[in-house]
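Quick notes on the structure that follows.
The analysis underlying the following values was restricted to heavy atoms, covering all of them including side chains, and did not include hydrogens, waters or symmetry mates.
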Number of protein chains: 2
Amino acid sequence: MKGPRVSSGIRKQQILAAAKRCFQRKGYAQTTIDEIAAEYGMSKGSIYWYYPSKKAVLIDLFRVFVEENLNRILTEIGSIRSARDRITAIGEHLTRSLQEDIELYSALVVFWESSFVDESIREMLLEQYRLYDRILTGLLDDGERAGEFVVPDKKIYAALMIAMMEGIIVRQVLSKDLDLAEICRSVSGVMNRLLPEKKSQKRPAGSPNTGKDEG
Amino acid sequence: MKGPRVSSGIRKQQILAAAKRCFQRKGYAQTTIDEIAAEYGMSKGSIYWYYPSKKAVLIDLFRVFVEENLNRILTEIGSIRSARDRITAIGEHLTRSLQEDIELYSALVVFWESSFVDESIREMLLEQYRLYDRILTGLLDDGERAGEFVVPDKKIYAALMIAMMEGIIVRQVLSKDLDLAEICRSVSGVMNRLLPEKKSQKRPAGSPNTGKDEG
DNA sequence: CATAACATACTGACTAGTCAGTTTAGTTCA
DNA sequence: TGAACTAAACTGACTAGTCAGTATGTTATG
């Protein structure tokens, strides 16, 4: 296959896209470098031109995962004032990205398993948890400061929300049987309902407050 | 190692225990049959005496996982009347088993990844979801019949509860940084709070509910 | 009891295959 | 030209699974 060569940037993207697809189909260990190469009709040599090892591809894929998801969330919610609305936005973000790129989330399960073997992947995952925790804690702080709600225990709250989202990811990746839109709406609803109104003051005027709270 | 031979039942248990430990440490593909054998000082041949392949060990381990967890839950909640109390009991069961046998739950992540490659493992996982769904839906039906609460959408409710629990499992397996007891109590709390009281009768939200009423 | 005959449990060297990574020999393009 | 890039053949470490042989019961028989 001596087709015209492809520009460097594209090739790297192709390698990651191919790896993502292969890992979803066969997991990490069962995927061979040759299979990844075949996905876009390139050869093994091309992959080793861009990456020093198979593991390096996995790690770079994880980097992309973090960038494409966590950092994008930050941008998206950055423009939203109300903390409650931000929670809703996070739910919507999850719905959308699960629909758009289920392969990337399948790769997440691959990362999880790989973290058993590989310390650096494990460390990246833990860092991801810390990042999530920071985002949510910050959000809750903002909401409290703005008088939107009070949070009895921020750590618990953050952990529950992360757990719910990861649980949904797992199920969708494995069985694809959820009505995502419905589920994610429920998650936002639940998480909003868990935040009691601040007792001493009325809801700030003009606060959109998406929660269908009945009490 | 020519020690005295071990009875058939014990050996099989040993193989599963060894596999469980090895899979937690290195994942499925990275674990060699020799490593599993070494764990209890047996030889490769012994494993192949009991199992036809490495995959068969994994599948049997999953069978044990299902038996040890799902079926045990059924027994535990079987003797509890109140549906709300059963939800609490499920939370407590999760806390306990996560503390007792984190290795088995690590294996769950291995099963997830393996399901990408192996259709039979995938089918077992889906069956597990169906089982969970049945348990929870049955529980909600009972609670409604007994007048404990009403559930707007049982499917959603079941999916959310499963997601929360699996999310907690993932995080605990990977980072072990949660205060499990606290978190699991919160899950029961949340799930109970999501169940509105039946309109026609009054009971303060979050009340313990002894389950000695109604019929 | 003894011991032969059979059944079950186990061993570990070996085979056959796989696949990550390397090498070599190009091709393309600035 | 030469550096970036690609293809394809190759190497060698590694490992799932096999199997001939051994050890340890268990039962049958005198």
For a quick test of reading the model: is some side-chain N or O of [X] closer than 4.0 Å to OP1 or OP2 of [N]?
X       : N      : result
A:Ser46 : D:dA7  : yes
A:Trp49 : D:dC5  : yes
B:Arg11 : C:dA9  : no
A:Lys54 : C:dA20 : yes

Query - Worked verdict on A:Ile77 versus A:Ile135 for side chain to side chain contact (heavy atoms under 4.5 Å, CB included) - result: CA-CA 10 Å; A:Ile77 67 174; A:Ile135 293 173; 4.2 Å; yes
Which nucleotide sits closest to the side chain of [X]: [options]?
X       : options               : result
B:Lys44 : C:dT11, D:dA8, C:dA13 : C:dA13
B:Thr32 : C:dG21, D:dA16, C:dT8 : D:dA16
B:Tyr48 : D:dT6, C:dC10, D:dG17 : D:dG17
A:Tyr50 : C:dC19, D:dT6, C:dG12 : D:dT6

How long is the line joining [atom1] of [X] and [atom2] of [N], in whole Å?
X       : N      : atom1 : atom2 : result
A:Asp34 : C:dG17 : CG    : C1'   : 15 Å
B:Glu35 : D:dC14 : CD    : P     : 12 Å
B:Ile33 : D:dC14 : CD1   : C1'   : 14 Å
B:Ile15 : D:dA16 : CD1   : P     : 15 Å
B:Ile47 : D:dT18 : CD1   : C1'   : 15 Å

Query raised in the report: What residues in residues 18-30 of chain A put a non-hydrogen atom under 4.0 Å from any atom of DNA chain C?
Result: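 By residue number: none to list.
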Requested in this report: For A:Asp177 and B:Tyr129, test the side chains for any donor-to-acceptor distance below 3.5 angstrom and give the result as yes or no.
Outcome: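 B:Tyr129 and A:Asp177 do not have a side-chain donor-acceptor pair below 3.5 Å.
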Query raised in the report: Is atom CZ of A:Arg96 surrounded by more than 12 heavy atoms (other residues, nucleotides or ligands) closer than 6.0 Å?
Result: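 Above 12, so yes.
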**Report entry** Neighbour count above 12 (heavy atom, 6.0 Å) for A:Lys154 NZ
**Finding:** yes
Query raised in the report: Do A:Phe62 and A:Gln128 have side-chain heavy atoms sitting under 4.5 Å apart?
Result: yes
Query - All side chain to side chain donor-acceptor pair (under 3.5 Å) counterparts of B:Tyr132, not counting sequence neighbours - result: none
Requested in this report: With sequence neighbours excluded, give me every salt bridge (Lys or Arg N to Asp or Glu O under 4.0 Å) pair touching residues 38-48 of chain B.
Outcome: B:Arg21-B:Glu39, B:Arg25-B:Glu39, B:Asp34-B:Lys44
